J.: 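Below are the structure tokens for one structure; questions will follow.
Being a predicted model, the structure only gives us computed values, none of them experimental. Sequential numbering from 1 along the given sequence is applied to the chain's residues.
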Amino acid sequence: MGRMPGVLLIHWMYGTAMGRNTAFFSEVEKQLDRKSVILPLGRSGKRSAGAAEILTVAGFENVFNVLDGFEGDLDGNKERNHVSA
């Protein structure tokens, strides 16, 4: 799996059970200020919406969820990565 240079990787949820990272907020707060532009990104955009919401409620001013995620919408076979990815 690749990653763009300079991008922070801070998990909001993790593992097959999608447990929440209880240190998420403190990890973000250590590395970014409240005026930083933050673009939570995940596979479909659903879980990253939760990350965006908690950061916005916490006072981060420039948080924008990537709506369709990096794999895009479901196609006719209910698979991702074929439409809008």
Side-chain angles (χ1 to χ4, degrees):
M1 170 172 51
R3 187 169 59 180
M4 291 175 54
V7 171
L8 297 176
L9 176 60
I10 303 172
H11 291 282
W12 163 241
M13 302 179 104
Y14 59 91
T16 56
M18 287 293 120
R20 283 198 180 160
N21 175 5
T22 57
F24 175 76
F25 179 74
S26 63
E27 289 178 33
V28 171
E29 199 170 40
K30 279 184 216 172
Q31 298 186 56
L32 299 169
D33 65 51
R34 294 184 187 271
K35 293 192 182 291
S36 296
V37 174
I38 302 173
L39 300 164
L41 174 64
R43 186 178 63 89
S44 69
K46 290 178 179 43
R47 288 183 294 267
S48 58
E53 182 178 354
I54 196 169
L55 292 171
T56 300
V57 168
F60 286 85
E61 299 176 17
N62 297 299
V63 182
F64 307 94
N65 183 41
V66 180
L67 292 177
D68 292 329
F70 59 81
E71 286 192 357
D73 295 327
L74 293 173
D75 65 13
N77 295 321
K78 298 192 185 234
E79 296 176 344
R80 296 191 189 278
N81 209 23
H82 302 284
V83 179
S84 69

J.: Checking E27 now: which residues fulfil salt bridge (Lys or Arg N to Asp or Glu O under 4.0 Å) with it, not counting sequence neighbours?
T.: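 Once residues adjacent in sequence are excluded, E27 has no partner under the salt bridge (Lys or Arg N to Asp or Glu O under 4.0 Å) criterion.
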J.: Can you list the residues that meet the side chain to side chain contact (heavy atoms under 4.5 Å, CB included) rule with S36, with sequence neighbours excluded?
T.: L32, D33, I38
J.: My understanding is that only residues two or more places apart in sequence, or in another chain, count here; which of them pass side-chain hydrogen bond (donor to acceptor under 3.5 Å, both in side chains) with K30?
T.: none
J.: How would you list all residue pairs meeting ring pair (Phe, Tyr, Trp, His ring centres under 6.0 Å) that involve residues 46-67, not counting sequence neighbours?
T.: none
J.: Mind checking whether V63 and P40 have side chains closer than 4.5 Å, heavy atoms only?
T.: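 Yes; the side chains approach each other to less than 4.5 Å.
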J.: Restricting to side chain to side chain contact (heavy atoms under 4.5 Å, CB included), what partner residues turn up for R20, sequence neighbours left out?
T.: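 Partners of R20 under the side chain to side chain contact (heavy atoms under 4.5 Å, CB included) test: W12, M13.
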J.: Would you sort out whether E61 and K35 count as a salt bridge (charged side-chain N to carboxylate O under 4.0 Å, His left out), showing the intermediate values?
T.: CA-CA 5 Å; E61 299 176 17; K35 293 192 182 291; 3.2 Å; yes
J.: What's the shortest heavy-atom distance between I10 and Q31, and which atoms?
T.: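 Of all heavy-atom pairs spanning I10 and Q31, the closest is CD1-NE2, 3.9 Å.
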J.: Verify the cluster assignment for V57 and F24: are they in a single hydrophobic cluster under the rule of side-chain heavy atoms below 4.5 Å apart?
T.: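 No, V57 and F24 fall in different hydrophobic clusters.
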J.: For L41, is there any backbone N or O sitting under 3.5 Å from a side-chain donor or acceptor partner on R47?
T.: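 No; judged by distance alone, with no hydrogens or angles, the pair does not exist.
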J.: Name every donor-acceptor pair, under 3.5 Å, that has one atom in a side chain of residues 48-55 and the other anywhere in the protein, sequence neighbours excluded.
T.:
{"residue": "S48", "atom": "OG", "partner": "G45", "partner atom": "O", "Å": "3.3"}
{"residue": "S48", "atom": "OG", "partner": "N65", "partner atom": "OD1", "Å": "2.5"}

